Amino acid sequence: MVSTILKGRPGKNLILVTGRAHPRLAADVADQLGIELLETTAYDFANGEMYVRYTESVRGADVFVLQSHANPVNKSIMEQLIMIDALKRASARSITAVCPLLGYSRQDKKHLGREPISCRLMFDLLKTAGADRIMSVDLHAAQSQGFFDGPVDHLIAMPVLVDYVRDRMDLSNVAVVSPDAGRIRVAEQWAQRLGGVPLAFIHKTRDVTRPNQTTANRVVGDVSGLDCVLVDDLIDTGGTIAQACGVLREAGAKSITVVATHGVLSGPAVDRLKSCGAKEVVLTDTVPIPAEKRWDGLTVLSIAPLLASAIKAVFEDGSVAKLFDTYPAHHGQGFLFA
């Protein structure tokens, strides 16, 4: 029988719990760790309030609360906060909030007067609820880790995605493209890990007074005749990516492969991605992607091995950064180091 507890050195026990936002991902992480999820009683009252209770003792355990802030975002966040509060009051030894996609992470600075910095508020809420540590994948801006007064494990999905692309494309004819100037540093890392391939970016303008409104103007860099890998952290409505694909086609790109970590896929995203001219769209499963949002040109890679590796490294007082040190070495399908 598989235990719900992973034993460490004397006095250390790991427990993994999850909310209702993405149970499949949590089950996959538990499988990688060789444990079962701790059973949790969770339900909604008639007025929408939530109730959470753990069915076993968590006293003295190192508990990891996995909850991706998927749609409905605010409900997913609130459920995780309630779960953390319950663990704090049940005398858990340590509490790590594992947020594969951190809600409100795009609101990390002020563009106009009288705006909030909601990303900072998210970190404050997790801290106040009782989280000692936060783990997330591909934050919108890496520097937002500074909003939390404690350890933040900022994981990158690039190893998982790079391995997939490297195995399936002729790198002698590849160019990496950033969808805007703000992601150029990530695109540079991609280009390096693919062997120093050419780099380009889309010159884009954004209307900061309206959500999800951008205009792709032109390609900066030569992509004519090249197989373009268009990399981004998150695809929401798909407008930015669809416009970028159009600009790349006009610039003579031979083919376009879209790669992103978080496939939020709101509203018209699926239709836009289907018709944008991309050969393939590659995402990870940091948020659930239901069957009705999948199509033949979509590939969804599992992020569970990466999360499990990081959780195990934290539990064993190891180095999370070491998980990424060996790239661009090839890791194939296995990412669980320990």
Side-chain angles (χ1 to χ4, degrees), residues 106 111 138 140-141 156-158 160-208 210-284 295-301 328:
R106 285 179 284 180
H111 295 280
D138 283 339
H140 186 65
I156 56 173
M158 191 182 300
V160 177
L161 297 166
V162 164
D163 273 356
Y164 180 85
V165 169
R166 187 162 41 197
D167 286 348
R168 289 160 179 79
M169 298 186 73
D170 176 9
L171 300 185
S172 65
N173 195 56
V174 163
V176 173
V177 182
S178 170
D180 55 50
R183 304 296 297 174
I184 192 69
R185 177 61 186 139
V186 174
E188 286 175 347
Q189 294 171 353
W190 263 86
Q192 176 189 354
R193 284 159 173 76
L194 290 177
V197 301
L199 182 67
F201 73 92
I202 307 295
H203 178 260
K204 181 181 78 173
T205 53
R206 178 183 296 275
D207 184 350
V208 297
R210 302 171 64 196
N212 304 110
Q213 296 295 319
T214 61
T215 301
N217 299 317
R218 61 190 177 88
V219 181
V220 179
D222 185 12
V223 297
S224 179
L226 297 178
D227 297 307
C228 293
V229 180
L230 183 61
V231 297
D232 208 350
D233 63 326
L234 183 149
I235 300 178
D236 191 354
T237 62
T240 294
I241 292 297
Q243 289 187 38
C245 288
V247 171
L248 287 171
R249 290 199 309 273
E250 291 174 5
K254 180 182 177 182
S255 71
I256 305 166
T257 299
V258 174
V259 181
T261 303
H262 308 296
V264 177
L265 306 183
S266 304
V270 172
D271 290 336
R272 286 174 172 175
L273 292 173
K274 282 181 178 179
S275 60
C276 71
K279 179 178 69 174
E280 184 179 14
V281 177
V282 184
L283 305 170
T284 75
W295 68 98
D296 289 342
L298 175 68
T299 298
V300 181
L301 305 178

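Hydrogens, waters and symmetry mates play no part in the numbers below; they use all other heavy atoms, side chains included. Remember, predicted model here, so these are calculated numbers, not experimental data.
- Thr284 has its side chain within reach of Leu161: a pair of non-hydrogen atoms, C-beta onward, lies under 4.5 Å apart.
- Between Ile241 and Arg272 there is no side-chain heavy-atom pair separated by less than 4.5 Å.
- Put simply, the side chain of Val229 does not reach to within 4.5 Å of the side chain of Val177, judged on heavy atoms.
- Nearest heavy-atom pair across Gly221 and Val219 is O-CG1, 3.5 Å.
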Would you please test Leu298 and Leu283 for side-chain contact (heavy atoms from CB on, under 4.5 Å) and show each step?
CA-CA 8 Å; Leu298 175 68; Leu283 305 170; 3.6 Å; yes

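- Across every non-hydrogen atom of Ile184 and Ala200, the tightest pair is CD1-O, 4.4 Å.
- In this structure the side chain of Glu280 reaches within 4.5 angstrom of the side chain of Tyr164, judged on heavy atoms.
- Smallest separation of non-hydrogen atoms from Leu171 and Leu194: CD1-O, 3.6 Å.
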Under 3.5 Å, side-chain donor or acceptor atoms of residues 255-268 against the rest of the protein: list the pairs with distances, not counting sequence neighbours.
unit_1	atom_1	unit_2	atom_2	d
Ser255	OG	Asp227	OD1	2.6
Thr261	OG1	Asp138	OD2	2.5
His262	ND1	Thr286	OG1	2.8
His262	NE2	Val137	O	3.0
His262	NE2	Asp138	O	3.3
Ser266	OG	Asp236	OD1	2.5

Decide yes or no on side-chain contact (heavy atoms from CB on, under 4.5 Å) for Thr299 and Leu301, but give the supporting numbers first.
CA-CA 7 Å; Thr299 298; Leu301 305 178; 3.9 Å; yes

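- A side-chain donor-acceptor contact under 3.5 Å links Arg166 to the backbone of Arg193.
- Of the possible polar contacts, none joining the Asp233 side chain to the Val186 backbone as a donor-acceptor pair under 3.5 Å is found.
- Nearest heavy atom pair, residue Ser224 against residue Asp222, reads N-OD1, 3.1 Å.
- Nearest heavy-atom pair, Met158 versus Gln189, reported as atom, atom and distance to 0.1 Å: CE-OE1, 3.4 Å.
- In terms of heavy-atom proximity, Ile202 sits nearest to Pro179 at CB-O, 3.4 Å.
- Between Asp180 and Arg183 there is no salt bridge, since no side-chain N of the basic residue sits under 4.0 Å from a carboxylate O of the acidic one.
- Looking only at side-chain heavy atoms (C-beta outward), Val197 and Trp190 stay at 4.5 Å or farther from each other.
- For the atom pair His203 NE2 and Ser178 OG, the distance stands at 12.5 Å (nearest 0.5 Å).
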